[in-house]
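A quick write-up on the structure given underneath.
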There are 2 protein chains.
Amino acid sequence: MAGASNVRRPATLASLAAELGVSRTTVSNAYNRPDQLSAPLRARVLEAARRLGYPGPDPVARSLRTRKAGAVGLMLTEALSYAFRDPAATGFLEGLALACEQAGQGLLLVPVSPEQVDVTAVHRASVDGFVVYSVREDDPHFLAVLERPVPTVVCDQPMGVEGVDRVGVDDRAGMLALARHLTTLGHRRVGVLCMRLAAGRNDGPASAERQAGATYPVQRDRLAGIRDGLAEVGVDWSDVPVHERFEHSVTAGQEGAAELLAAHPDLTAVLCTSDILALGVLRHAADRDLAVPEQLTITGFDGVPEAERAGLTTVRQPVLEKGRVAGELLLERGDRNRPRRVTLPTELVVGSTSGKPRVDQRFFSGW
Amino acid sequence: MAGASNVRRPATLASLAAELGVSRTTVSNAYNRPDQLSAPLRARVLEAARRLGYPGPDPVARSLRTRKAGAVGLMLTEALSYAFRDPAATGFLEGLALACEQAGQGLLLVPVSPEQVDVTAVHRASVDGFVVYSVREDDPHFLAVLERPVPTVVCDQPMGVEGVDRVGVDDRAGMLALARHLTTLGHRRVGVLCMRLAAGRNDGPASAERQAGATYPVQRDRLAGIRDGLAEVGVDWSDVPVHERFEHSVTAGQEGAAELLAAHPDLTAVLCTSDILALGVLRHAADRDLAVPEQLTITGFDGVPEAERAGLTTVRQPVLEKGRVAGELLLERGDRNRPRRVTLPTELVVGSTSGKPRVDQRFFSGW
DNA sequence: TCGCTGAACCGTAACGGTTCAGACACCCAG
DNA sequence: CTGGGTGTCTGAACCGTTACGGTTCAGCGA
């Protein structure tokens with residue numbers, strides 16, 4: 001096949017050196033240390049390179065020799081493409097990319113197939129370090145990352161892993177502030193719609209056991225924040241319905257809302273552990289012509305741009321900043337004596353979706 | 001400093017082999033070709049690896065030998081972080097990530113500093129190929145990519161580069177359909193707000209020379225589509241005001257709209273070459289209490305989710321699909337006889353922001 | 001002329017693997 | 001007993017580069 005001639009190997013540093021009658025070191029220096037050889041010789045080397053089609057030192061060989069890959073790996077459990085769907089993840093990525101860019105490092109998106117045990121992608125990633133974004137602590141990919149002899153920074157989850165830095169926010173405190181906002185308004189009968197709590201699909205009520213066994217500490221903490229806030233006004237947590245969704249999407253929020261409100265029509269507020277879910281609840285309310293917040297208060301968590309535009313009451317967390325800090329933590333030279341933990345502040349954003357609870361018991365008299 | 005002992009080199013394949021008294025080949029086979037050695041020996045190797053903390057074959061060394069980096073590089077001219085801001089770019093990334101994921105390839109975001117001549121990042125990228133997303137044809141980073149002896153796929157721009165595959169849409173035809181929609185409604189006095197046409201900042205009217213010298217063919221084609229459509233009803237292109245914005249953001253669209261409408265208060269429609277800009281024009285209209293489409297018709301291009309929610313009349317292009325095709329083009333094995341060109345279809349989306357032109361000459365009688 | 005210096009260049013040894021052509025035993029059919 | 005597989009394991013070459021510790025040599029002051 002004629003194509004064979006197309007894959008002719010490009011010239012190497014060695015062949016170029018031979019052609020010129022100089023040592024390989026000299027050619028290498030022509031690229032990496034111009035001050036180590038005379039200008040005329042350097043010009044000759046570069047000219048010969050152009051003539052022979054030598055594309056410059058091979059990046060992989062260079063990486064092997066210098067022991068630097070020049071890139072950081074990003075690992076998330078969800079399908080790689082999911083990262084571009086979730087606005088919170090996108091914000092994080094933007095911040096991380098910013099930090100990498102500034103340090104001249106590449107950002108390698110590691111292709112992990114969700115719910116798959118194949119961790120070879122983690123083994124094959126040529127990186128100087130990993131950033132792990134919000135995964136379960138028993139995730140096999142994460143365990144594979146830990147085995148790699150490179151520094152690792154975790155964002156959000158898992159928490160408290162030995163030897164790795166972590167950046168996150170105080171989810172519990174953030175949710176506590178939000179819960180207090182609602183109890184101050186007078187809400188007592190509230191429901192919760194949360195994201196995936198642990199491995200295994202569970203779309204529906206999250207039992208006390210399910211909550212206790214949560215392997216996603218972020219979700220656990222957010223629930224705990226709500227619990228704390230309600231406890232302050234004497235509402236018992238066991239009376240609070242918590243529904244869980246496996247998928248994280250507006251549609252999932254919509255369905256969750258329908259389910260939650262059908263089972264508990266007396267609720268005056270639905271608290272979501274993410275804005276995306278809350279947007280779904282908003283949509284459900286719109287579908288049913290429920291006035292927000294007059295008939296139902298709806299809140300989220302994250303503070304994504306879309307939620308802001310919708311006027312959602314939520315807890316804003318600095319997602320971009322989280323990404324940047326994660327990158328800096330990883331790339332920053334410094335004595336890595338002990339693992340560092342960075343907790344960024346959250347901010348309660350009171351929008352137009354929270355108000356006083358309605359006085360009538362149910363949405364429709366017919367119920 | 002005590003830290004020095006922390007950076008102890010991890011065990012290598014060779015050291016593991018020596019420890020076990022077997023050849024390096026055998027250790028290598030234990031990882032890569034389990035069928036090449038007996039099960040007991042393989043178990044011994046793996047056990048010793050765990051005991052000695054051997055993390056498995058080094059990815060970089062492996063890449064050097066196998067001549068496969070296991071990743072594709074993505075190059076965009078804008079700051080890396082910009083890619084996560086622009087919804088069209090995000091959609092493209094999602095599709096590309098999807099394709100990579102499926103092929104088990106990593107996706108390396110190459111850190112190019114915008115408007116900077118330093119192309120070392122391109123030289124240092126350990127990748128098996130490049131995807132170039134919508135850059136100027138004279139972009140130094142792009143030229144550096146071309147010098148690398150790896151396959152390259154271009155999305156959108158530049159067009160017609162020898163030896164590289166390309167995926168894009170028929171921007172001109174898409175815009176033509178949109179222009180016809182407007183002329184059919186009766187519009188004759190239209191203005192255009194477009195994105196960056198060439199290197200060098202130009203915020204304001206784009207002269208005929210500026211348009212002719214555009215180094216962003218996509219923008220050029222979209223303008224040409226509008227011109228074609230207007231020509232069909234006898235509107236001379238030289239009478240059509242075209243304003244350009246360097247930044248691509250809602251704010252830029254807002255400012256551009258203010259400028260354009262101040263200079264040409266008789267316009268009945270503003271066509272934007274992107275949804276983001278159009279959203280800015282919409283915002284401007286809202287700020288001035290202009291009724292859309294009663295007083296002003298506004299259109300975009302791209303078909304991003306946010307535009308859809310806003311009911312924007314626009315031309316939808318399959319951004320996710322574009323990303324996926326780009327990835328497939330690059331990763332697909334096959335005889336690369338001649339460069340391939342894929343053109344994806346566009347679709348006119350008539351929303352609620354386009355209507356018949358108003359009858360009164362100007363927005364306010366006072367003008 | 002000698003000793004010394006600094007600039008310019010070079011040879012060798014890694015870097016950490018993969019691969020391929022054997023070597024060696026062992027077993028089974030003929 | 002022999003010839004030919006088959007299953008295991010090994011030796012050595014190779015991937016393309018950079019780090020390290022030289023060597024060479026022109027120039028210069030005494």
Side-chain angles (χ1 to χ4, degrees), chain A residues 7-45 48-49 52-70 120 123-128 148-150, chain B residues 7-45 48-49 52-70 120 123-128 148-150:
Chain A
V7 286
R8 177 178 59 249
R9 293 268 191 80
T12 69
L13 190 148
S15 68
L16 190 57
E19 172 80 13
L20 282 162
V22 301
S23 79
R24 300 205 295 277
T25 303
T26 300
V27 178
S28 175
N29 283 335
Y31 284 94
N32 304 317
R33 305 182 173 182
D35 58 314
Q36 293 294 302
L37 73 174
S38 64
L41 178 54
R42 183 169 129 92
R44 262 180 65 214
V45 171
L52 273 69
Y54 175 63
D58 181 278
V60 175
R62 189 206 297 258
S63 285
L64 175 60
R65 182 66 244 226
T66 60
R67 313 180 124 271
K68 287 187 185 13
T120 57
H123 289 139
R124 295 191 120 85
S126 299
V127 294
D128 298 321
R148 292 282 305 266
V150 295
Chain B
V7 287
R8 177 177 58 248
R9 293 266 191 81
T12 69
L13 188 146
S15 68
L16 190 57
E19 172 81 13
L20 282 162
V22 301
S23 76
R24 303 209 304 281
T25 304
T26 299
V27 178
S28 176
N29 283 337
Y31 284 94
N32 303 318
R33 307 182 172 181
D35 58 315
Q36 292 296 303
L37 73 173
S38 65
L41 179 54
R42 182 169 130 93
R44 264 180 61 214
V45 171
L52 272 68
Y54 175 62
D58 180 278
V60 175
R62 188 205 299 258
S63 286
L64 175 61
R65 180 65 239 227
T66 60
R67 312 182 124 270
K68 287 186 186 10
T120 56
H123 289 139
R124 296 191 121 86
S126 299
V127 295
D128 298 321
R148 292 282 305 265
V150 294

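Treat the numbers as computed from the prediction; the structure is a model and nothing was measured. Values below: all heavy atoms of this structure, side chains included; hydrogens, waters and symmetry mates excluded.
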For this session: Step by step, work out the side-chain contact (heavy atoms from CB on, under 4.5 Å) result for A:Val60 and B:Val60.
Result: CA-CA 6 Å; A:Val60 175; B:Val60 175; 4.2 Å; yes
Seminar exercise, completed: Among the nucleotides C:dC10, C:dC20, D:dA19, whichever has the atom closest to the side chain of B:Thr25 is C:dC20
For this session: Assign each of B:Asn29 and B:Leu64 to its nearest nucleotide of DNA chain C by heavy atoms, then name whichever residue's nucleotide is nearer the 5' end.
Result: B:Leu64
Seminar exercise, completed: note: A:Gln36, atom CD; C:dA8, atom P; distance rounded to Å ~ 9 Å
Exercise. Atom CG of A:Leu37 and atom P of C:dA8: how far apart are they, to the nearest Å?
Worked result: 8 Å
Seminar exercise, completed: Nearest heavy-atom approach of A:Ala69 to A:Ser63 is CA-OG, 3.8 Å
For this session: Return the value, rounded to whole Å, for the distance between atom CZ of B:Arg44 and atom C1' of D:dC9.
Result: 12 Å
Exercise. Which one, D:dT17, C:dG17, D:dC9, comes nearest to the side chain of B:Arg24?
Worked result: C:dG17
Exercise. Tell me: NZ of B:Lys68 to C1' of D:dC14, nearest whole Å?
Worked result: 16 Å
Exercise. Touch check for A:Tyr54, heavy atoms < 4.0 angstrom, all strands: base, sugar-phosphate only, or nothing?
Worked result: sugar-phosphate
For this session: Measure from the side-chain N and O atoms of A:Arg124 to the backbone N and O of B:Pro59, and report whether any donor-acceptor pair falls under 3.5 Å.
Result: no
For this session: Could you please name the option among C:dT18, D:dT10, D:dA19 that lies closest to any side-chain atom of B:Arg65?
Result: C:dT18
Exercise. Judged by atom type as modelled, is there a donor-acceptor pair below 3.5 Å linking the side chain of A:Thr66 to the main-chain atoms of A:Arg62?
Worked result: yes
Problem set entry | Check: B:His123 main-chain N/O paired with B:Thr120 side-chain donor or acceptor under 3.5 Å | no
Seminar exercise, completed: Which of D:dC9, C:dA8, D:dC15 is nearest the side chain of B:Leu41? It is D:dC9
Exercise. Do the side-chain N or O atoms of A:Thr66 get closer than 4.0 angstrom to the phosphate oxygens (OP1, OP2) of D:dT18?
Worked result: no
Problem set entry | Whole-Å distance separating the CG atom of B:Asn32 from the P atom of C:dT19 | 7 Å
Exercise. So what does B:Thr26 touch, heavy atoms closer than 4.0 Å: a base, only the sugar-phosphate, or nothing?
Worked result: base
Seminar exercise, completed: When rounded to whole Å, the CZ to C1' distance for the pair B:Arg62 and D:dT17 reads 20 Å
Problem set entry | Euclidean distance, atom CG of residue A:Asp35 to atom C1' of C:dG6 [Å, nearest integer] | 14 Å
Exercise. How close or far is atom P of C:dA14 from atom CG of B:Asp58, stated in whole angstroms?
Worked result: 18 Å
Problem set entry | Residue met sooner reading DNA chain D from 5', once A:Gly56 and B:Arg42 are mapped to nucleotides | B:Arg42
Exercise. Which comes earlier along DNA chain D counting from the 5' end, the contact point of A:Thr12 or that of B:Val22, where each point is its nearest nucleotide?
Worked result: B:Val22
For this session: Measure from the side-chain heavy atoms of B:Arg33 and tell me the nearest of C:dT19, C:dC9, C:dC10.
Result: C:dT19
Seminar exercise, completed: Out of D:dT8, D:dT18, C:dC10, minimum distance to the side chain of B:Ser38 belongs to D:dT8
